[in-house]
Amino acid sequence: MMSLYRNSAWFLKGLTEFTKGAFVSASQNFVEKDLETSVAGRSFMITGANSGIGKAAAIAIAKKGGTIHMVCRNKDKAEEARADIVKDSGNKEIYVHILDLSETKKVWEFAESFKKKYKTLNVLINNAGCMMTKMEVNGEDLEKSFASNSLAVYILIKSLIPLLEKSPDPRVITVSSGGMLVQKLRTGNLQSQRGRYDGTMVYAQNKRQQVVMTEQFAKAHPNIHFSVMHPGWVDTPTIANAMPDFHSSMKERLRTPEQGADTVVWLAVSEASVKNPSGRFYQDRRMVSAHLPLAWTHSSQQEDQKFMSVMDELAKSFQPH
């Protein structure tokens, strides 16, 4: 996290906009009726739904009648979370799917199997993420952070697009991070093989990749509303485990999981959100720039297209036949 601290513009923005206090201030402008809606009969897939932002979003959407497909890595934690969601919401239409997003072939297999079993998917919420403290590769020789945060998201979207497109009011929401504000897309080093491995910066690069991915998918699939969002600095197990010093020093300023999930839920269920253009970046229910002022982080159209081409080729190399 210290590498992100060193970017003063990012950190100053974070102190003013990413904290609990900033959420409370922003929420004064929220339109309450935006979330006064029933989503009964609509289905929502949420990755990483057993804790933190994912669980908070699942509870909020379940309370509105939505069918929830929890995609989680750990079965025991997922089942425990499911019981909590059912208890809190009174909604029993909560289903657990076990998947490790770092296992690329299994991501394909899961998505293809899901399409065969279910006739509809209205909303895909890519929430799960991992931050590595040191470089690790999976069994397919892919760097784990990239495999989980970027390639898995690409594959889930790519595979589930046909199901989403035939479902009413389809949406794809990806939970990014403000860390991506200090990263420019690196088309030639997507898996961080070159240079010193810094887990927080690799994570931030993955989150920049998600932003570009969202923009490009939105252009290619106008029938689906794509969005990507920054939840602010949220008190989650991931932050506590991966960045203990940051978590300790900022604990009183960190947002609750419910506050972090607010914009996810708004993007997933409100009519107001889909009146905005597809492919945009959000924070606290507002479209905001995906770059700091005067930033060097903009990539060209050619770089963005090259990135998507590389992602497509890489994803297809693991696709079951």
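What you see below is based on every heavy atom in this structure, not just the backbone, and it leaves out hydrogens, waters and symmetry mates.
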How are the rings of Tyr118 and His69 set relative to one another: parallel (under 30°), tilted (30 to 60°) or perpendicular (over 60°)?
perpendicular
Starting from Phe307, can I reach Ile161 by hopping between I/L/V/M/F/W/Y residues whose side chains sit under 4.5 Å apart?
yes
Can a side-chain donor-acceptor contact be found between Asn126 and Thr174 if the only test is distance below 3.5 angstrom?
yes
Where Ala81 and Met70 come nearest, the two heavy atoms and their spacing:
CB-CE, 3.9 Å
For Thr263 and Gln283, which I'm curious about, is there any donor-acceptor pair between the side chains at under 3.5 Å?
no
Report the C-alpha distance between His230 and Tyr282 in whole Å, list the side-chain angles of each, state the deciding distance to 0.1 Å, and finish with yes or no for ring-ring contact (aromatic ring centres under 6.0 Å, His included).
CA-CA 6 Å; His230 173 33; Tyr282 290 81; over 10 Å; no
Give the minimum heavy-atom separation between Lys92 and Val86, together with the two atoms involved.
CG-CG1, 4.1 Å
For Arg73 versus Ile98, what's the shortest heavy-atom pair and its separation?
O-CG2, 3.5 Å
Would you find a donor on one side and an acceptor on the other, under 3.5 Å apart, between the side chain of Asn138 and the backbone of Ser102?
yes
Between Asp84 and Lys55, is the closest basic N to carboxylate O distance under 4.0 Å?
yes
List the atom of Arg186, the atom of Leu190, and the distance in Å for their closest heavy-atom pair.
O-CD2, 3.0 Å
Do Asn91 and Glu93 have side-chain atoms, one donor and one acceptor, less than 3.5 Å apart?
no
Under 3.5 Å, is there a donor-acceptor pair linking the side chains of Gln209 and Ser150?
yes
Consider only side-chain N and O atoms of Ser145 and Asn206, and report whether a donor and an acceptor are under 3.5 Å apart.
yes
Check whether the side chains of Ser176 and Arg208 place a donor and an acceptor atom closer than 3.5 Å, and report yes or no.
no
Residues Thr67 and Ser43: side-chain donor-acceptor under 3.5 angstrom
no
Please name the residue in the list Ser227, Ser278, Ser273 that meets the side-chain hydrogen bond (donor to acceptor under 3.5 Å, both in side chains) test with Arg171.
Ser273
Determine the minimum heavy-atom distance between Asp284 and Phe30, stating which atoms define it.
O-CE2, 3.4 Å
Where do Ala204 and Gly179 come nearest, in terms of heavy atoms and distance?
CB-O, 3.3 Å
